Colleague: 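Submitted below is the structure of interest, expressed as C-alpha cells.
Heavy atoms only: backbone and side chains are in, while hydrogens, waters and symmetry mates are out. Please read these numbers as outputs of a predicted model, since none were measured by experiment.
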Amino acid sequence: MVELLKGIAASDGVAVAKAYLLVQPDLSFKKNNVEDTAAEEKRLDDALAASSAELEKIRDKAAKSLGEEEAQVFDAHLMVLSDPEMIGQIKQHINDNKVNAESALKEVTDMYIGMFEAMDDNAYMQERAADIRDVTKRVLAHLLGVSLPDPSMIDEEVIVVAHDLTPSDTAQLDKNFVKAFVTDIGGRTSHSAIMARSLEIPAIVGTKEITSKVKEGDVLAVNGIIGETIVNPTDDQAAEYKKAGEAYATQKAEWDKLKDAETVTADGKHFELAANIGTPKDLEGVHNNGAEAIGLYRTEFLYMDSPDFPTEDDQYEAYKAVLEGMDGKPVVVRTMDIGGDKELPYLTLPHEMNPFLGYRALRISLSELGDDMFRTQLRALLRASVHGNLRIMFPMVATLKEFRSAKQLFNEEKEKLVKEGVEVSDTIQVGIMIEIPAAAVLADKFAKEVDFFSIGTNDLIQYTMAADRMNERVSYLYQPYNPSILRLIKNVIDAAHAEGKWAGMCGEMAGDQTAVPLLMGMGLDEFSMSATSVLRTRSLMKRLTTTKMAELADKALKECDTMEEVQELVAEYVK
C-alpha cells in the first residue's frame, strides 16, 4: 500500500531503494543466582573489553569518514566503559547479591539512566543517559553472545529504517550502499543528522511512525530536501523521485564548478565564505569545497583528543599546520570551549545542575583553575601567528569585563614572548563569539574594543528562546528565523559596522539557505559553515542582489511577527 510520511528534513538528497530495517536483537535474559561470582566478574570484564575494542574500531572509522569532531561522541562511550565507579558498583552487585553479570549490569545502569533522565531540564545529563543506554546494550549483547546489527556489513543499495540511529550506527554507514535513512525520532541538530550531512547521505528524522509502517523488502522513496518519504511508491512516483535525485546530482555537479570561483553576488558584492573545522585533518574538506577562510577552528578537540593537557609545543604545531595550510587566508581560532557537553577526563569540573549555563569556556579560562591552561594556549597561538593570518576569538563572553580580562592576558603573554626574543605577528585580530543575548544587546559597547564579532547562532537561539535545541519536546522553539533572533543579529552587525569592524557568523544558520538571503540583506560580512555547504551557498549568492536582499531583510525585521511569516517572505523574494 502506498503511503506518504512526513518528517524533519535532516540532510539533503533524494533516493529510491528497498528498506533495510535496523532492528535490535532480543536482549532479554533471566536473573540467575550464582555461586562463582569471580567467574561472573570475568564474564563482565571480557564483555567490557570486547565492547571497548569494537568502539575503538567504530571511532577510528568515524574519524576517517566524518572527521574528528563527529567521532568525539565515541570518546564519551569509551569513558562510560572505563568508569571505575560504575563498573565497581556492578561488580559489587554481583558479589553482594550473588547474581549473574547480566542482571547486575542492567540493575546498576538502569539506576544511572533513570537518575540522569529525571533531570529533564539538563540536556547534558540526558545525553549521558543516552550514552549509558547505548553502551549497556553493547555490553549486554556480548554477555548474551548475541550480535548487534552491523550497518557496516550492508553490501547493497538500501534505505535504512530505524526508531533512532545511535552515533555508532551512523558512523558505520557506507554511503556507497546506504542511499538514505529515515527514523521515528530525532531533530536537525541530533548527532545522527549532523553525521548524515557530513557523509552527504539524505536523511529524514522525526517521522514518529516509519518503523510501524515499513516491513523488510518494502521500497522507499526519500526526499531529504523536503522531508517526505513514500512507502512502496507507484512506478510513476518512483520515477519522479529518481528524476529529482538526478536533478540534485546535476545541481551538485554545477556547484562543484564554483570551487575556485569568488563569492560575488549578481550585483558585484563580495562576501567571505569560510568553513568550520575541528582539527588540521579537516583542511582537506576546506580546500575541496573552495572555502575562502576558516571562520571557526574549534580548539577544544585538541584537548579532548589528548590523555592530558596538550603542551604548548603540541598546540603550536597544530595551529601552525592550519595557518600554513590556509596559505595566508584568514583563520579564526576559538580558544578552548570546554564544559557543557565537552568534558576532559583529566580536568575535574564541579557538578552543576545546568552546565551549559555554568562554568564553561572563557569562564574556566579566566578562573584560577584554567589560568595556566589558557596562558599556554595563548602562547602557542602567538608563536604560531607568524605562519599565517591569525584571528583569535573568545567564546561565551557575557560582559565587557570578561573580554578585557582575556585581552589583558593575551597582551601579557605577547609581551613575555617578545622579551624572550620570540617572533610574534603584529596583525593578530582579537574578537569575540556573540552567543549570549546580553553581549548581542550590548554589541555597540563591545564593538569599540574588539576587532570583530562572530555570531554563534546555535547557542544564541537556544539562550534567547530558553529552549534546549536537543530537546524534542521544545524543538519547535528552536527558531532561527524568529524576528527576535533576526533583530539581535542585525543589532550586532550594525554595531560592528558603526565602528569599522567586521561581523561574521559561525553557527548552523550561516549555511542555512533560508537564512542566507536575510543575512546578506543585513550586511553580514563573513559566513562560516560546514565545508560541504560552501559551494551551495556560493551558488545561491551569485543569483541574488544585495539591494533586493536588503529590502527583504528590512521587511522581515519591521513587518513580520512570526518565524513562519519570515519564511514565506523569503520564499517570495527568492524564487
Colleague: If I take atom CD1 from residue Ile225 and atom CD1 from residue Ile204, how far apart are they, to the nearest 0.5 angstrom?
Modeller: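 Answer for the CD1-CD1 pair, Ile225 versus Ile204, is 10.0 Å.
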Colleague: Under the side chain to side chain contact (heavy atoms under 4.5 Å, CB included) test, which residues partner Glu324, sequence neighbours left out?
Modeller: Lys320, His387
Colleague: Name every donor-acceptor pair, under 3.5 Å, that has one atom in a side chain of residues 514-522 and the other anywhere in the protein, sequence neighbours excluded.
Modeller:
none

Colleague: Taking all non-hydrogen atoms of both residues into account, name the closest pair between Pro202 and Val14 and its distance.
Modeller: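 In this case the closest contact between Pro202 and Val14 is CG-N, 3.8 Å.
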Colleague: Listed by chain and number, what are the side-chain hydrogen bond (donor to acceptor under 3.5 Å, both in side chains) partners of Gln251, not counting sequence neighbours?
Modeller: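 In terms of side-chain hydrogen bond (donor to acceptor under 3.5 Å, both in side chains), with neighbours along the sequence ignored, Gln251 is linked to no residue.
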Colleague: Please test Leu460 against Ile436 for side chain to side chain contact (heavy atoms under 4.5 Å, CB included), starting from the C-alpha separation and ending with a verdict.
Modeller: CA-CA 6 Å; Leu460 182 64; Ile436 297 176; over 6 Å; no
Colleague: Does the pair Arg538 and Glu262 meet the rule for a salt bridge (charged side-chain N to carboxylate O under 4.0 Å, His left out), with working shown?
Modeller: CA-CA 8 Å; Arg538 180 169 294 151; Glu262 193 179 4; over 6 Å; no
Colleague: Name every donor-acceptor pair, under 3.5 Å, that has one atom in a side chain of residues 373-384 and the other anywhere in the protein, sequence neighbours excluded.
Modeller:
residue, atom, partner, partner atom, Å
Arg375, NE, Asp371, OD1, 3.2
Arg375, NE, Asp371, OD2, 3.1
Arg375, NH1, Glu412, OE1, 3.1
Arg375, NH1, Glu413, OE2, 2.6
Arg375, NH2, Glu412, OE1, 3.0
Thr376, OG1, Asp372, O, 2.8
Gln377, OE1, Met336, N, 3.1
Gln377, NE2, Thr299, OG1, 2.9
Gln377, NE2, Tyr319, OH, 3.1
Arg379, NE, Glu312, OE1, 3.0
Arg379, NH2, Glu420, OE1, 3.2
Arg383, NH1, Glu312, OE2, 2.9
Arg383, NH1, Asp313, OD1, 3.0
Arg383, NH2, Asp313, OD1, 3.3

Colleague: What is the minimum heavy-atom distance between Leu390 and Ser385, and which atoms define it?
Modeller: CD2-CB, 3.7 Å
Colleague: Any side-chain to backbone donor/acceptor pair from Asp282 onto Gly278? Under 3.5 Å, distance only.
Modeller: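 Side chain of Asp282 to backbone of Gly278: a pair is present.
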Colleague: Determine, step by step, whether Asp426 and Lys414 satisfy the salt bridge (charged side-chain N to carboxylate O under 4.0 Å, His left out) criterion, reporting the C-alpha distance in whole Å, the side-chain angles of both residues, the deciding distance to 0.1 Å, and the verdict.
Modeller: CA-CA 10 Å; Asp426 281 327; Lys414 181 178 180 181; 3.4 Å; yes
Colleague: So which atom in Ala266 and which in Thr545 form the shortest heavy-atom distance, rounded to 0.1 Å?
Modeller: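 Here Ala266 and Thr545 meet closest at CB-CG2, 3.9 Å.
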Colleague: Under a 4.5 Å cut-off applied to non-hydrogen side-chain atoms, are Met433 and Cys506 in contact?
Modeller: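 In short, these two side chains touch, coming nearer than 4.5 Å.
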Colleague: Quick one: does any side-chain atom of Gln479 pair with a main-chain N or O of Tyr476 as donor and acceptor, under 3.5 Å?
Modeller: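 Such a contact is found between Gln479 side chain and Tyr476 backbone.
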Colleague: Do Glu292 and Thr263 meet the criterion of a side-chain donor-acceptor pair at a distance under 3.5 Å?
Modeller: yes
Colleague: Could you give the distance from CE (Met396) to CG (Asp337), rounded to the nearest 0.5 Å?
Modeller: 7.5 Å
Colleague: Ignoring hydrogens and geometry, is there a side-chain-to-backbone donor-acceptor pair from Asp451 to Val430 under 3.5 Å?
Modeller: yes
Colleague: Are there over 12 heavy-atom neighbours, none belonging to Lys6, within less than 6.0 Å of that residue's NZ?
Modeller: no
Colleague: Please list, chain by chain and in numerical order, all residues satisfying side chain to side chain contact (heavy atoms under 4.5 Å, CB included) with Lys252, sequence neighbours excluded.
Modeller: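 Expected list: Glu200, Tyr248, Trp255.
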Colleague: Looking only at side chains, do Thr427 and Ser425 share a donor and an acceptor under 3.5 Å apart?
Modeller: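 Ser425 and Thr427 do have a side-chain donor-acceptor pair below 3.5 Å.
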Colleague: Tell me every residue that passes ring pair (Phe, Tyr, Trp, His ring centres under 6.0 Å) with Tyr463, counting only those two or more places apart in sequence or in another chain.
Modeller: none
Colleague: Can Met505 and Ile489 be said to form a side chain to side chain contact (heavy atoms under 4.5 Å, CB included), step by step?
Modeller: CA-CA 9 Å; Met505 180 178 288; Ile489 292 170; 3.8 Å; yes
Colleague: May I ask you to decide if Thr532's main-chain N or O and Ser530's side chain share a donor-acceptor pair within less than 3.5 Å?
Modeller: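 Between the backbone of Thr532 and the side chain of Ser530 there is no qualifying donor-acceptor contact (under 3.5 Å).
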Colleague: With sequence neighbours excluded, tell me which residues meet ring pair (Phe, Tyr, Trp, His ring centres under 6.0 Å) with Phe453.
Modeller: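 Listed in chain order: nothing, the list is empty.
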Colleague: Lys501: which residues meet the salt bridge (Lys or Arg N to Asp or Glu O under 4.0 Å) condition with it, sequence neighbours left out?
Modeller: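 Not a single residue meets the salt bridge (Lys or Arg N to Asp or Glu O under 4.0 Å) criterion with Lys501.
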Colleague: For residues 485-527, which residue pairs pass the ring pair (Phe, Tyr, Trp, His ring centres under 6.0 Å) check, not counting sequence neighbours?
Modeller: Phe271-Phe527, Phe452-Trp502
Colleague: Under 3.5 Å, is there a donor on one side chain and an acceptor on the other for Tyr481 and Asp512?
Modeller: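 Checked: Tyr481/Asp512 side chains pair up, N/O donor to acceptor below 3.5 Å.
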Colleague: Could you tell me whether Lys257 and Glu254 have a side-chain N and a carboxylate O separated by less than 4.0 Å?
Modeller: yes
Colleague: Sub-3.5 Å donor-acceptor pair from the side chain of Asp554 to the main-chain atoms of Ala550, do we have one?
Modeller: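 Not a single qualifying donor-acceptor pair exists.
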Colleague: Under the 3.5 angstrom rule, does the side chain of Arg334 hit a backbone N or O of Ile392 as a donor-acceptor pair?
Modeller: no
Colleague: For Val397, run the side chain to side chain contact (heavy atoms under 4.5 Å, CB included) check against Val450, Ile434, Leu362 and tell me which one passes.
Modeller: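 The single option meeting the side chain to side chain contact (heavy atoms under 4.5 Å, CB included) with Val397 is Leu362.
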Colleague: Check Gly431 against Phe403 and note the closest heavy-atom contact, atom names and distance.
Modeller: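 For Gly431 and Phe403, the tightest heavy-atom pair comes out as O-CE1, 4.5 Å.
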Colleague: How would you list all residue pairs meeting side chain to side chain donor-acceptor pair (under 3.5 Å) that involve residues 394-404, not counting sequence neighbours?
Modeller: Arg404-Glu449
Colleague: Kindly compute the distance separating CG (Leu524) from CD (Glu526), expressed to the nearest 0.5 Å.
Modeller: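 These two atoms lie 7.5 Å from each other.
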Colleague: First locate atom CG of Leu302, then atom CG of Asp314, and finally report the distance between them rounded to the nearest 0.5 Å.
Modeller: 8.5 Å
Colleague: Could you give the distance from CZ (Arg543) to OG1 (Thr265), rounded to the nearest 0.5 Å?
Modeller: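 Between atom CZ of Arg543 and atom OG1 of Thr265 there are 12.5 Å.
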Colleague: For Thr546, what residues pass the side-chain hydrogen bond (donor to acceptor under 3.5 Å, both in side chains) criterion, not counting sequence neighbours?
Modeller: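 Scan of Thr546 (side-chain hydrogen bond (donor to acceptor under 3.5 Å, both in side chains), adjacent residues dropped) gives Asp267.
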Colleague: Run the ring pair (Phe, Tyr, Trp, His ring centres under 6.0 Å) test against Phe181 and tell me which residues pass, sequence neighbours left out.
Modeller: none
Colleague: Using a 4.5 Å cut-off on heavy atoms from C-beta on, say whether the side chain of Thr335 contacts that of Pro395.
Modeller: yes
Colleague: Using only heavy-atom distances, determine whether the side chains of Gln462 and Asp459 contain a donor-acceptor pair under 3.5 Å.
Modeller: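 Short answer, yes.
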Colleague: Mark yes or no for whether Thr207, through its side chain, and Thr183, through its backbone, hold a donor-acceptor pair below 3.5 Å.
Modeller: yes
Colleague: Less than 4.5 Å apart, any side-chain heavy atom of Met529 and any of Thr537?
Modeller: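 Yes. Closest side-chain heavy atoms under 4.5 Å.
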Colleague: Could you state the interatomic distance from CG (Asn289) to CG (Leu535), rounded to the nearest 0.5 Å?
Modeller: 5.0 Å
Colleague: Show the nearest heavy-atom pair for residues Pro483 and Met563, with the distance to one decimal.
Modeller: CD-N, 4.0 Å
Colleague: Taking Asp561's backbone N and O only, do any of them form a donor-acceptor pair with Glu565's side chain (distance below 3.5 Å, no angle check)?
Modeller: yes
Colleague: Taking all atoms of both residues into account, what is the closest heavy-atom pair of Ala9 and Gly227, and its distance?
Modeller: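 Ala9 and Gly227 have their closest heavy atoms at CB-N, 3.7 Å.
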